[in-house]
Amino acid sequence: LVAIVSLLASLAFLDLQNVAQGSLYLIRYIIYSSLLIVGYNLNKQGLLNFSKLSSLFIWLGITLAILGLLQLWLYPVFEDPPFYLTDFGFDPHRGRLTSTLLDPNFLGAFLALGLGLVIYKLITGAPKRWWLAVILLVTSILLTLSRSAYLLSVISIGLIIISLRHHLKIKNLALPG
């Protein structure tokens with residue numbers, strides 16, 4: 001509601017084209033938020049399998065991390081030939097991991113989600129080989145040079161530990177609750 005009021009109030013200061021462009025962010029936020037409701041309802045009806053979905057996101061994160069390391073090795077700056085991506089409006093992202101998404105912050109969100117899910121698997125008894133995925137994802141997150149990815153990683157891991165605290169009876173963690 002506040003976002004809609006703010007968008008309408010911006011009509012007094014900005015032209016219609018800028019307000020329309022800004023409204024696209026609000027529409028995207030509403031769509032993303034509605035996916036939570038859809039996911040909740042699908043899970044409630046038994047149509048959504050958390051294990052398969054989490055595995056999909058983990059493998060997506062691992063794949064993006066590997067492709068990103070290749071991108072960083074082969075094409076570390078978007079201003080360089082042969083692509084000249086800055087001519088098409090992309091930021092130069094010098095020395096930042098972007099993978100196929102061409103945006104280190106967006107990539108960092110995917111990697112942080114994958115990292116959180118891998119740590120969930122490890123805490124709940126997955127084989128130790130998943131630590132290789134943790135190393136790959138943490139390295140890739142660090143190479144995005146994205147503060148938002150760093151923050152999202154810490155928050156997702158913290159939320160997983162807090163939510164599993166009572167389930168696994170972890171008493172010696174210094175966590176609220």
Is there a path of hydrophobic side-chain contacts, each under 4.5 Å between heavy atoms of I, L, V, M, F, W or Y residues, that connects [X] with [Y]?
X	Y	value
L107	I58	yes
I161	F50	yes
I119	L117	yes
I155	F110	no
F57	W131	yes

Starting from the C-alpha separation in whole Å, work towards a yes-or-no answer on side chain to side chain contact (heavy atoms under 4.5 Å, CB included) for L60 and L113. CA-CA 10 Å; L60 176 66; L113 175 64; over 6 Å; no
[X] and [Y]: which non-hydrogen atoms are nearest, and at how many Å?
X	Y	result
S148	N105	OG-OD1, 3.5 Å
A149	A112	O-CB, 4.2 Å
P104	T98	CD-CG2, 3.6 Å
L26	L7	CD2-CD2, 4.0 Å
A65	L137	CB-CD2, 4.2 Å
I141	S153	CD1-OG, 3.3 Å

Can you find a pair of side-chain heavy atoms, one from P76 and one from R96, that are under 4.5 Å apart?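 Answer no - side chains too far apart.
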I would like to know whether Y150 and L142 meet side chain to side chain contact (heavy atoms under 4.5 Å, CB included); could you show each step before the answer? CA-CA 7 Å; Y150 302 159; L142 291 173; 4.0 Å; yes
Can you confirm whether W130 is buried at CH2, in the sense that more than 12 heavy atoms of other residues, nucleotides or ligands lie under 6.0 Å from that atom?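 Result for CH2/W130: enclosed.
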Got a second to check how far [X]'s [atom1] is from [Y]'s [atom2], nearest 0.5 Å?
X	Y	atom1	atom2	answer
L47	N41	CG	CG	10.0 Å
Y120	I160	OH	CD1	8.5 Å
S23	R28	OG	CZ	12.0 Å
L97	L111	CG	CG	7.0 Å
L115	I135	CG	CD1	11.5 Å

Output, in order, the C-alpha distance, side-chain angles, deciding distance and verdict of side chain to side chain donor-acceptor pair (under 3.5 Å) for T100 and Q71. CA-CA 8 Å; T100 60; Q71 165 265 316; over 6 Å; no
Report the C-alpha distance between L122 and V134 in whole Å, list the side-chain angles of each, state the deciding distance to 0.1 Å, and finish with yes or no for side chain to side chain contact (heavy atoms under 4.5 Å, CB included). CA-CA 10 Å; L122 284 167; V134 169; 3.6 Å; yes
Checking I62, L67, L64, L69 against S140 for side-chain contact (heavy atoms from CB on, under 4.5 Å), the one that qualifies is L69
With ring centroids as reference points, do Y25 and Y29 lie under 6.0 angstrom apart? no
Between V77 and R94, does the side chain to side chain contact (heavy atoms under 4.5 Å, CB included) criterion hold? Intermediate values first, please. CA-CA 5 Å; V77 180; R94 293 179 183 95; 3.8 Å; yes
